[in-house]
Amino acid sequence: MNPSQNLAPKTVASSIVREQVYMVFPNDLNSNDTVFGGLIMAHMDRLAAVVADRHAGGVTVTVSVDAVHFMAPARRGDVLVMHAAVNRAWRSSMEVGVRVEAESIGGGERRHILSAYLTFVAVDPEGKPRPVPPLVSETADEKRRYAEADLRRANRLQNAEELKRLRAAGVASA
Ligand SMILES: CC(C)(COP(=O)(O)OP(=O)(O)OC[C@H]1O[C@@H](n2cnc3c(N)ncnc32)[C@H](O)[C@@H]1OP(=O)(O)O)[C@@H](O)C(=O)NCCC(=O)NCCS
């Protein structure tokens with residue numbers, strides 16, 4: 001059987017990435033001398049994609065990213081420390097949570113830089129959605145994230161539906 005069609009339930013631990021590190025160099029900085037936000041977002045998306053691909057057992061694509069808030073800047077000499085895990089899986093889609101911290105040089109204090117939720121959809125060779133294994137949440141934190149993910153998904157889908165309706169109604173652009 002093609003491994004990508006194996007729909008046996010999988011644990012969060014089987015796809016999680018913990019402590020992925022990236023050392024900041026001068027060419028990663030913006031004109032404010034802090035790390036360019038787009039660089040952090042690209043790393044976040046790549047990391048989350050690895051986690052989603054592992055859970056799905058094959059190719060996934062990013063379908064949405066919830067609001068990304070930068071809580072604190074990362075600076076020259078910092079090390080970015082990134083964590084990503086599947087929070088919940090539905091039919092073909094999965095929510096992956098990412099947390100990024102900045103560690104000061106030499107293993108010093110860590111600051112929370114950003115958290116975000118990304119939704120990925122598993123696709124077949126024709127690019128059509130395909131089913132993913134159910135997620136087994138084991139720890140208390142995993143169970144909390146699992147429950148909260150359903151609320152976020154409902155909000156996402158409602159927003160997407162409302163936007164579609166607005167556009168179909170022909171609301172004029174400015
Ligand atoms: C992702 C994609 C294949 C989905 O195709 P589609 O025809 O919209 O498929 P569906 O309507 O059946 O939705 C598939 C799943 O995506 C979810 N979904 C669709 N739009 C979503 C959104 N805006 N936010 C969250 N989930 C969404 C649906 O709820 C469904 O989930 P489920 O199967 O778990 O219930 C298609 O939209 C696509 O190819 N998008 C571009 C992806 C891309 O290029 N990303 C950037 C590069 S990786």
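All ligand and atom numbering here is 1-based and tracks the order in the structure.
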- Message: Here's a test for you: under side-chain hydrogen bond (donor to acceptor under 3.5 Å, both in side chains), which of R99, E101, R18 qualifies with H83?
- Response: E101

- Item | E162 and its side-chain hydrogen bond (donor to acceptor under 3.5 Å, both in side chains) partner, picked from R165, K164, Q158 | Q158

Strictly inside 4.0 angstrom of [atom], do you find any protein heavy atom?
| atom | value |
| --- | --- |
| atom 34 (O) of ligand 1 | yes |
| atom 8 (O) of ligand 1 | no |
| atom 11 (O) of ligand 1 | no |
| atom 3 (C) of ligand 1 | yes |
| atom 38 (C) of ligand 1 | no |
| atom 24 (N) of ligand 1 | yes |
| atom 46 (C) of ligand 1 | yes |
| atom 43 (C) of ligand 1 | yes |

- Residue selection (non-hydrogen contact nearest atom 48 (S) of ligand 1) among L118, L157, L163, T62: T62

- If hydrogens are left out, which of P129, A122, S93, P131 has an atom nearest to atom 31 (O) of ligand 1, that is, the closest non-hydrogen atom? S93

- Query: Got more than 12 heavy atoms from elsewhere within 6.0 Å of CG, L157?
  - Reply: yes

- Query: Counting heavy atoms not belonging to R91, are there more than 12 under 6.0 Å from its CZ?
  - Reply: yes

- Query: Under 3.5 Å between some N or O of ligand 1 and some N or O of W90?
  - Reply: no

- Message: For ligand 1 and T119, I'd like to know whether there is a polar contact (N/O to N/O, distance under 3.5 Å).
- Response: no

Which of the numbered atoms in ligand 1 are under 4.0 angstrom from any heavy atom belonging to [X]?
| X | result |
| --- | --- |
| G127 | 3 (C) |
| S64 | 24 (N), 25 (C) |
| R153 | 29 (O), 31 (O), 32 (P), 34 (O), 35 (O) |

- Counting only heavy atoms, which portion of S92 has something under 4.0 Å from ligand 1: side chain, backbone, both, or neither? both

Backbone N or O of [Y] within a donor-acceptor pair of the [X] side chain at under 3.5 Å?
| X | Y | value |
| --- | --- | --- |
| S104 | E109 | yes |
| R88 | E148 | no |
| D53 | A56 | no |

- Task: Using a 4.5 Å cut-off on heavy atoms from C-beta on, say whether the side chain of L135 contacts that of M94.
- Result: no

- Sub-4.5 Å side-chain heavy-atom contact between T119 and T62: no

- Protein contact of atom 21 (C) of ligand 1 - nearest heavy atom, named by residue and atom, plus distance: V63 CG2, 3.8 Å

